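Data block below; observations after.
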There are 2 protein chains.
Amino acid sequence: MTATLPVVCAALGDPTRWEILTRLGEGPKSASTLARMLPVSRQAIGKHLEVLREVGLIESEQRGREVVYLAVGARLGALARELDRIGRSWETRLLRLKELAERPGPAAPEASE
Amino acid sequence: MTATLPVVCAALGDPTRWEILTRLGEGPKSASTLARMLPVSRQAIGKHLEVLREVGLIESEQRGREVVYLAVGARLGALARELDRIGRSWETRLLRLKELAERPGPAAPEASE
DNA sequence: CGCAACTGCAACCGTCAGGTTGCAGTTACG
DNA sequence: CGTAACTGCAACCTGACGGTTGCAGTTGCG
């Protein structure tokens, strides 16, 4: 479940998958139920659910004869924190470079390599 | 630049693109420079840069005869906040459903549709 | 001034992801 | 107890994506 960043982002990179996540965000649902509300086949839904489950964005739970899936908000929160951290690091580095550029140093501070 | 959520996530869904972003996070660089540090052609880099620029994750800047690109941390931060918000909403809804299930109501509260 | 280096555009290619249909197996509802 | 509904697996198709090469056009460094 320690899915690498690009992988979980890729999972979130498909519109249909977001459709599914949105519906699941409203409450637990089975693959068949989802297939009934979306314009794709049950099998396609199944593949998407598998992808989402692999990166920890949803969990499955046997309920009676059907398998219901639920959205895991915590997983999305974790991703959000990770992205935020990275974004901040970019900003601070950018700022440091700008400071170097302002301050008249010995040579021209070139950062292209 | 109001790139929809799945689109910007898709942009972040490619490993090579993360390579590029990481390098750009260290400081502004040109396409050729990036191509020299990564195991792909300059043209491939160019396509990736275009994708990243379209979703606002990087910006371009003419510097001398070359075009340098810089990572936009704010964009990533915005995405992070959006994801966090959604994740929280999932959790609260889940909680409400659980409450309903605990409380002995008139009928069995079924949320599969 | 001339050459080297960077950019932009276009054509082309292989792979894989998203989708479909079809079928077989289980399991709860009536 | 029978049948309807849900699941799982497999084969197959197609388009888009990540990658390549090739070429033409600028622009600045020595």
Side-chain angles (χ1 to χ4, degrees), chain A residues 3-24 28-55 57-70 107-108 110-113, chain B residues 3-4 6-24 27-55 57-70 107-108 110-113:
Chain A
T4 156
L5 245 159
V7 172
V8 53
C9 284
L12 291 175
D14 183 81
T16 304
R17 231 120 63 190
W18 270 104
E19 281 310 320
I20 294 178
L21 284 175
T22 305
R23 310 310 167 96
L24 288 186
K29 283 170 189 55
S30 74
S32 299
T33 303
L34 286 167
R36 255 179 260 119
M37 16 180 58
L38 295 180
V40 290
S41 71
R42 192 205 93 225
Q43 283 79 351
I45 300 275
K47 290 189 195 175
H48 286 305
L49 288 173
E50 179 57 19
V51 172
L52 292 172
R53 208 180 50 75
E54 268 174 357
V55 300
L57 281 169
I58 64 175
E59 282 173 0
S60 62
E61 180 178 312
Q62 195 85 17
R63 187 180 295 187
R65 86 171 137 184
E66 57 183 18
V67 180
V68 298
Y69 295 82
L70 3 97
E110 197 39 70
S112 22
E113 220 208 4
Chain B
T4 155
V7 172
V8 54
C9 285
L12 292 174
D14 183 81
T16 305
R17 232 119 63 190
W18 270 104
E19 278 314 317
I20 294 178
L21 283 175
T22 305
R23 311 309 168 94
L24 288 186
K29 284 169 189 57
S30 74
S32 300
T33 303
L34 286 166
R36 256 179 259 118
M37 16 181 57
L38 295 181
V40 290
S41 71
R42 192 207 93 227
Q43 283 79 350
I45 299 276
K47 290 186 193 177
H48 287 304
L49 289 173
E50 179 58 19
V51 172
L52 292 171
R53 209 180 49 76
E54 268 174 355
V55 300
L57 281 168
I58 64 174
E59 281 173 0
S60 62
E61 181 178 312
Q62 196 83 18
R63 187 181 294 187
R65 85 170 136 183
E66 58 183 18
V67 182
V68 298
Y69 295 83
L70 4 96
E110 197 40 69
S112 22
E113 221 208 3

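Only a predicted model underlies this, so the values are computations on that prediction, with no experimental measurement involved.
Atom CD1 of B:Ile45 and atom P of D:dC17 are 18 Å apart (whole Å). The CD-P distance, from A:Glu50 to C:dG18, rounds to 13 Å in whole Å.
For the segment residues 10-21 of chain B, no residue has any heavy atom less than 4.0 angstrom from an atom of DNA chain C.
At a threshold of 4.5 Å between non-hydrogen side-chain atoms, the residues B:Glu54 and B:Glu50 count as touching.
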Report all side-chain donor-acceptor pairs from residues 9-21 of chain B shorter than 3.5 Å, counting only partners two or more places apart or in another chain.
from, atom 1, to, atom 2, distance (Å)
B:Asp14, OD2, B:Thr16, N, 3.0
B:Asp14, OD2, B:Arg17, N, 3.1
B:Arg17, NE, B:Ala11, O, 2.9
B:Arg17, NH1, B:His48, ND1, 3.1
B:Arg17, NH2, B:Ala10, O, 3.4
B:Trp18, NE1, B:Leu12, O, 2.6
B:Glu19, OE1, B:Arg23, NH2, 3.1

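Contact annotation for B:Gly64: backbone-only contact, meaning every heavy-atom pair under 4.0 Å involves sugar-phosphate atoms and none involves a base.
Atoms CZ and OG, on A:Arg42 and A:Ser30 in that order, are 10.0 Å from each other to the nearest 0.5 Å. We find the CD1-CZ distance between B:Ile45 and B:Arg36 to be 11.0 Å, quoted to the nearest 0.5 Å. Summarising the geometry, atom CG belonging to B:Leu24 is positioned 7.5 Å from atom CG belonging to B:Leu70; distances are rounded to the nearest 0.5 Å.
Contact between the side-chain N/O atoms of A:His48 and the OP1/OP2 oxygens of C:dA17 is not found at any separation under 4.0 Å. Of the side-chain N and O atoms in B:Ser41, none sit less than 4.0 angstrom from OP1 or OP2 of D:dG19.
Taking the side chain to side chain contact (heavy atoms under 4.5 Å, CB included) definition, one finds that A:Ser60 meets it with A:Arg53, A:Val67, A:Tyr69, sequence neighbours left out. B:Glu61 is linked by a salt bridge (Lys or Arg N to Asp or Glu O under 4.0 Å) to B:Arg63, counting only residues two or more places apart in sequence or in another chain.
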Next on the checklist: What does the B/S/- profile of nucleotides 4-16 of chain C look like, 5' to 3', with a 4.0 Å heavy-atom cutoff to protein?
Outcome noted: BBSBBB-B-----
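Axis angle between the ends of the helix from C:dC1-D:dG30 to C:dG30-D:dC1, five pairs each and rounded to 10 degrees, works out to 30°.
Counting only distance, with no hydrogens or angles, the side chain of A:Thr4 and the backbone of A:Val7 share no donor-acceptor pair below 3.5 Å.
The minimum heavy-atom distance linking A:Leu49 with A:Ile58 is given by the pair O-CD1, 3.4 Å.
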